[in-house]
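Indexing begins at 1, ligand by ligand and atom by atom, following the structure's order. As a basis for the values below, the full set of heavy atoms in this structure was taken, side chains included, without hydrogen atoms, waters or symmetry mates.
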Amino acid sequence: MTLTASEAGQAAAHFRFFTMEVLRTRRLGHSFLRVTFGGESLADFRSGGYDQSLSLFLPPPHAEHTELPSTDEDTWFGAWRGMPDAERPVMRSYTVREQRRTDAGATEVDIDFVLHGDTSPASRWAGRAVSGRRIMAIGPAVAQNKSVRFQPPAATDTYLMYADETALPAACAILDRLPAGTRVKAWFEVPHPDDRLAPHTLADADITWIVREKGASRPERTARVVDAVRAAEPPAAKTPYAWLAGEAGTVRAVRRHLVGERSVDRRTVRFTGYWRLGASEEQLLAEAYAGRAPSEDPASEL
Ligand SMILES: Cc1cc2nc3c(=O)[nH]c(=O)nc-3n(C[C@H](O)[C@H](O)[C@H](O)COP(=O)(O)OP(=O)(O)OC[C@H]3O[C@@H](n4cnc5c(N)ncnc54)[C@H](O)[C@@H]3O)c2cc1C
């Protein structure tokens with residue numbers, strides 16, 4: 001898909017650069033760290049809620065703060081790509097778990113990071129985050145933007161959700177917003193029992209937690225999720241909407257099951273690979289850019 005000039009202009013107007021300063025951190029469960037950001041530029045931040053995502057630029061290990069040579073919408077990408085490898089901030093996709101305004105009128109943004117090891121740049125950065133550290137982000141300047149992927153048709157009567165730990169912040173933010181009584185069947189897969197973070201929701205949500213076996217192979221983890229979905233009584237739904245996000249292979253398998261075995265209309269399944277076992281986000285971006293126009297959203301619908 002190549003965007004027309006007016007679409008590209010519109011997309012650019014929806015997003016802009018923000019400087020985000022770490023205010024505090026809080027450990028949630030076994031694998032999650034909530035980082036709360038503030039900063040003056042966040043006054044113009046407009047999360048659309050639900051699964052709103054943004055792109056973070058995290059500094060290299062030797063630097064305290066993120067420095068980008070340009071934040072101009074026409075030149076930043078080339079300037080960023082042109083930086084020496086050792087100096088270039090890594091770009092990673094994350095979810096706005098919550099945006100709020102404090103009593104003092106300041107804007108705060110929470111992001112829940114999965115700590116999955118010390119060798120991956122984003123996980124490593126989050127594990128060492130201390131107040132005062134500044135990073136950069138491309139985030140929403142208007143609430144209606146294309147990085148809110150949860151877009152159910154108005155007639156939806158039941159929601160089917162699958163999320164692994166990386167997509168649990170998004171799933172919880174979606175559940176936060178669903179009205180009282182909304183019918184939801186959800187499967188949430190986490191690495192540790194303490195990661196079963198109970199979402200606050202008014203929805204009538206039936207959640208099946210799947211705690212992954214330590215050391216399970218890729219096929220084993222996917223099979224366990226698909227088996228759990230298959231074993232569930234299908235909710236009596238006329239117009240279901242499915243939202244699936246997490247490790248790309250598992251997401252694809254759950255989608256295949258819903259469309260192939262449960263006859264869910266493929267047009268009502270929103271599925272996004274949030275990461276892929278064995279591939280860094282750079283590798284996924286490189287694949288996405290090789291196959292598509294650079295203007296297309298690389299946080300792929302795989
Ligand atoms: C739209 C969107 C929203 C997202 N929201 C969130 C969010 O709110 N919170 C969150 O934690 N993540 C979120 N993610 C996923 C996150 O971007 C990836 O996990 C990312 O790869 C982390 O970057 P990294 O530098 O830690 O690891 P990378 O350098 O990208 O990867 C290094 C290695 O670690 C593996 N890896 C990556 N993530 C994990 C993981 N979670 N567990 C185990 N191995 C992993 C990769 O397969 C690779 O082998 C989101 C992704 C997308 C596309």
Side-chain angles (χ1 to χ4, degrees), residues 15 20 25 27-37 47-61 66 85 88-99 109-129 135 137-140 145-151 163-174 176 188-192 195 197 199 212 214-218 221-222 243-251 270-288 296-302:
F15 301 97
M20 299 173 61
T25 65
R27 194 72 187 232
L28 310 171
H30 179 264
S31 310
F32 293 98
L33 184 85
R34 172 160 299 168
V35 181
T36 299
F37 295 92
S47 172
Y50 300 103
D51 56 348
Q52 174 75 67
S53 62
L54 77 178
S55 295
L56 304 181
F57 293 83
L58 301 164
T66 299
D85 288 350
R88 188 186 313 114
V90 294
M91 180 167 61
R92 293 288 182 268
S93 303
Y94 278 83
T95 301
V96 178
R97 174 64 185 86
E98 189 181 320
Q99 171 181 359
V109 169
D110 290 336
I111 297 182
D112 292 350
F113 289 82
V114 175
L115 302 179
H116 64 92
D118 213 31
T119 51
S120 307
S123 176
R124 178 189 156 90
W125 178 85
R128 289 170 166 69
I135 61 168
I138 297 179
N145 61 74
K146 72 183 176 82
S147 293
V148 178
R149 295 171 179 80
F150 182 82
Q151 301 284 355
D164 73 5
E165 64 272 32
T166 64
L168 192 57
C172 289
I174 290 169
D176 278 353
F188 294 153
E189 181 198 10
V190 290
H192 192 276
D195 292 327
L197 305 177
R212 197 177 302 131
K214 218 171 173 201
S217 67
R218 179 202 298 250
R221 40 199 286 176
T222 296
W243 178 91
L244 319 172
E247 198 283 321
T250 305
V251 164
R270 188 83 207 219
F271 65 110
T272 312
Y274 272 20
W275 63 290
R276 196 167 77 203
L277 256 177
S280 70
E281 200 164 328
E282 277 86 24
Q283 290 167 303
L284 298 181
L285 280 170
E287 284 176 19
E296 202 169 344
D297 179 6
S300 50
E301 307 272 314
L302 297 161

Next item on the list: Could you check if a side-chain atom of W125 sits within less than 4.5 angstrom of a side-chain atom of L56, using non-hydrogen atoms only?
Entry: no
Notebook entry, point to check: Taking distance alone, with no angle check, do D112 and ligand 1 share an N/O pair under 3.5 Å?
Noted result: yes
Notebook entry, point to check: Is a donor on one side and an acceptor on the other found under 3.5 Å between the side chain of S123 and the backbone of H116?
Noted result: yes
Item checked: Salt-bridge present (R276, E281; N to O < 4.0 Å) -> no
Next item on the list: Could you say whether the N/O atoms of G278 and ligand 1 ever approach to under 3.5 Å?
Entry: yes
Notebook entry, point to check: Heavy-atom contacts under 4.0 Å between L277 and ligand 1: side chain, backbone, both, or neither?
Noted result: backbone
Note to self: Check this for me, if you would: do E165 and R212 make a salt bridge, where the nitrogen-to-carboxylate-oxygen distance has to be below 4.0 angstrom?
What the structure shows: yes
Item checked: ligand 1 N/O within reach of P121 N/O, cut-off under 3.5 Å -> yes
Check: Which ligand 1 atoms are under 4.0 Å away from a heavy-atom of S120?
Finding: 24 (P), 25 (O), 26 (O), 27 (O), 32 (C), 33 (C), 34 (O)
Next item on the list: Could you tell me whether R149 and ligand 1 have an N or O pair separated by under 3.5 Å?
Entry: no
Item checked: W275, any N or O under 3.5 Å of ligand 1 N or O -> no
Next item on the list: With the side chain counted from C-beta on, respond yes when V148 and D51 share a heavy-atom pair under 4.5 Å apart, and no when they do not.
Entry: yes
Next item on the list: Before signing off on this row, confirm whether A122 and ligand 1 have an N or O atom pair separated by under 3.5 Å.
Entry: yes
Checklist line | R92 side, atom CZ; L285 side, atom CG - distance, nearest 0.5 Å | finding: 8.0 Å
Next item on the list: Could you tell me whether the side chain of Q283 and the main chain of S280 form a donor-acceptor pair under 3.5 Å?
Entry: yes
Next item on the list: Assess whether side chain to side chain contact (heavy atoms under 4.5 Å, CB included) is satisfied between V96 and Y94, documenting all intermediate values.
Entry: CA-CA 7 Å; V96 178; Y94 278 83; over 6 Å; no
Checklist line | Side chain Q52, main chain S47, donor-acceptor under 3.5 Å | finding: no
Check: Considering only heavy atoms of P169, which atoms of ligand 1 have at least one such atom less than 4.0 Å away?
Finding: 8 (O)
Next item on the list: Output the list of atoms in ligand 1 that are nearer than 4.0 Å to some heavy atom of R276, sorted by atom number.
Entry: 46 (C), 47 (O)
Item checked: Proximity to ligand 1 by part of A279, non-hydrogen separation under 4.0 Å -> backbone
Next item on the list: Provide the number and element of each atom of ligand 1 under 4.0 Å from a heavy atom of F113.
Entry: 11 (O)
Note to self: Any nitrogen or oxygen of H116, side chain or backbone, less than 3.5 Å from one on ligand 1?
What the structure shows: yes
Next item on the list: Measure R92 to ligand 1 on non-hydrogen atoms and call it side chain, backbone, both or neither using the 4.0 Å cut-off.
Entry: side chain
Notebook entry, point to check: Hey, does S53 come in under 3.5 Å of ligand 1, counting only N/O atoms on both sides?
Noted result: no
Check: Using the ring of each side chain (for Trp, its six-membered ring), is W243 parallel, tilted or perpendicular to Y274, with breaks at 30° and 60°?
Finding: perpendicular
